[in-house]
A.B. asks: 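Take this structure first; my questions come after.
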Amino acid sequence: MKDFEYFSPKTVEEALSLISQYKGEAKIIAGGQSMLVVMRQGLLSPEYVVDIKGITALDYMTYDEREGLRMGALTTHRAIEKSPIIQKHFKILSEMERNLATIQTRNWGTIGGNLCHGDPAGDPAPVLITLGAKLRLKSLSTERIVPMEGFSKDMLEVDLEPEEMLIEIQIPGPRPHTGVAHEKLMVMQGDAGIVGAAVSITLKPKDGVCEDARTIISNAASVPLRVREAEERLIGRAVNDHWLGEAGEIASAVADPPSDVHASAEYRREMVKVFVKRAAIKALERAKER
Ligand SMILES: Cc1cc2nc3c(=O)[nH]c(=O)nc-3n(C[C@H](O)[C@H](O)[C@H](O)COP(=O)(O)OP(=O)(O)OC[C@H]3O[C@@H](n4cnc5c(N)ncnc54)[C@H](O)[C@@H]3O)c2cc1C
């Protein structure tokens, strides 16, 4: 690994000043669970590394009915998995985290680092998109809030300027009559997904017709892919097994998965079919219970 200068700011302002001063040559590190891998592979050789893990002000979680959930970028995967707030209002996040990596990685890796790494196989992004999450991004002179959907631009590329930091993840309160589920194909518990699917279904309480649906697949394109064509197949219908199967078929046709040592593109496409349907069945059951 190439030598670099190391900084360990204790406030957001300090960190933003450093990445502004060394624009383009500085890289933020949080838990380092992904950063160190790409640095060791030689894919990234920053001159300056700004370690934000010591900024305690970025490690928090709050919830209220009006504002919804707010999580600081340094909230660890393990804190999300174990949080009573999450288990009460957003159980799906806790479920998703239980299947993400090992306890060691979840203990140190952060939600902000996961999202900013921009890995299309990442588990949180698809679930956060179904939940309508937004991200608060800040530089020394600007602040903007962007939807999670669209934050990933390409493989390991996100909508973040070199002088910006992710500060907070914002999730609106749970929508009524809505079920959300996340399923991923793993060889072993905690492995990165060969493919994954997050689905939400909202039912009209009067007649049980599908009012809204969101379908996002992971590791099946260069970004977490929202498949609106599959959602359109469900919205306005009394959803049953047949339509959920159709949604899976459509997602599979739209997917553009990679071929690698873990699986061929053809196999991934088949699995998208299975895992979208599987997540959709679970989401529908949950929507009926709410
Ligand atoms: C063994 C192993 C298994 C894994 N399995 C899974 C899995 O099953 N599913 C899954 O989704 N992930 C998995 N991961 C990835 C893991 O979740 C992420 O590596 C971790 O969450 C990244 O967080 P971090 O704090 O370590 O980020 P870092 O590695 O420190 O940073 C990652 C990237 O984000 C940037 N960054 C970090 N924080 C910020 C911020 N606040 N603002 C701007 N940029 C920022 C960094 O500059 C870097 O580019 C696995 C990782 C390992 C090592």
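Just so it is clear, the model here is predicted, and its values are computed rather than measured. Order of appearance sets the numbers: ligands from 1, and atoms from 1 within every ligand.
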A.B. asks: Are there more than 12 heavy atoms of other residues, nucleotides or ligands under 6.0 Å from atom NZ of Lys134?
C.D. replies: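 No, not enclosed.
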
A.B. asks: Are more than 12 heavy atoms, taken from residues, nucleotides or ligands other than Asn240, located less than 6.0 Å from that residue's CG atom?
C.D. replies: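 Yes.
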
A.B. asks: More than 12 non-hydrogen atoms from neighbouring residues, nucleotides or ligands closer than 6.0 Å to OH on Tyr63, yes or no?
C.D. replies: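 Yes.
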
A.B. asks: Please report whether ligand 1 has a polar contact with Gln33, defined as an N or O pair separated by less than 3.5 Å (distance criterion only).
C.D. replies: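 Right, the criterion is met.
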
A.B. asks: Answer with side chain, backbone, both or neither: which part of Ser34 has a heavy atom less than 4.0 angstrom from an atom of ligand 1?
C.D. replies: both

A.B. asks: For the pair Arg228 and Glu149, find out whether any cationic side-chain nitrogen is under 4.0 Å from an anionic carboxylate oxygen.
C.D. replies: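 Glu149 and Arg228: salt-bridged.
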
A.B. asks: Please report whether atom 14 (N) of ligand 1 has a protein non-hydrogen atom at a separation of less than 4.0 Å.
C.D. replies: no

A.B. asks: Identify the protein heavy atom lying closest to atom 37 (C) of ligand 1, giving its residue, its atom name and the separation to 0.1 Å.
C.D. replies: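 Of every protein heavy atom, Gly113 CA, 3.4 Å lies nearest to atom 37 (C) of ligand 1.
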
A.B. asks: Has Arg290 got more than 12 heavy atoms of other residues, nucleotides or ligands less than 6.0 Å from its CZ?
C.D. replies: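 Not buried by this count: 12 neighbours or fewer within 6.0 Å.
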
A.B. asks: For Gln189, does the CD atom have more than 12 heavy-atom neighbours from other residues, nucleotides or ligands under 6.0 Å away?
C.D. replies: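 Correct, the count exceeds 12.
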
A.B. asks: Between Asn114, Leu115, Asp119, which one has a non-hydrogen atom sitting closest to atom 17 (O) of ligand 1?
C.D. replies: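 Of the listed residues, Asn114 has the closest heavy atom.
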
A.B. asks: Classify the contact between Val37 and ligand 1 as side chain, backbone, both or neither, using a heavy-atom distance cut-off of under 4.0 Å.
C.D. replies: neither

A.B. asks: Give a yes/no verdict on whether any heavy atom in Asp191 is under 4.0 Å from an atom of ligand 1.
C.D. replies: yes

A.B. asks: Can an N or O of Ile28 be found at a distance shorter than 3.5 Å from an N or O of ligand 1?
C.D. replies: yes

A.B. asks: So for atom NZ, which belongs to Lys206, do other residues, nucleotides or ligands contribute more than 12 heavy atoms lying within a distance under 6.0 Å?
C.D. replies: no

A.B. asks: Under 3.5 Å between some N or O of ligand 1 and some N or O of Leu166?
C.D. replies: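 Yes: some nitrogen or oxygen of Leu166 is under 3.5 Å from one in ligand 1.
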
A.B. asks: Give yes if a backbone or side-chain nitrogen or oxygen of Met35 is under 3.5 Å from a nitrogen or oxygen of ligand 1, and no if not.
C.D. replies: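 So ligand 1 has an N or O lying under 3.5 Å from an N or O of Met35.
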
A.B. asks: Any side-chain donor paired with an acceptor under 3.5 Å for Asp51 and Ser8?
C.D. replies: no

A.B. asks: So which bit of Lys27 gets within less than 4.0 Å of ligand 1, heavy atoms only: side chain, backbone, both or neither?
C.D. replies: side chain

A.B. asks: Please confirm whether Lys184 approaches ligand 1 to less than 4.0 Å, judged on its heavy atoms.
C.D. replies: yes

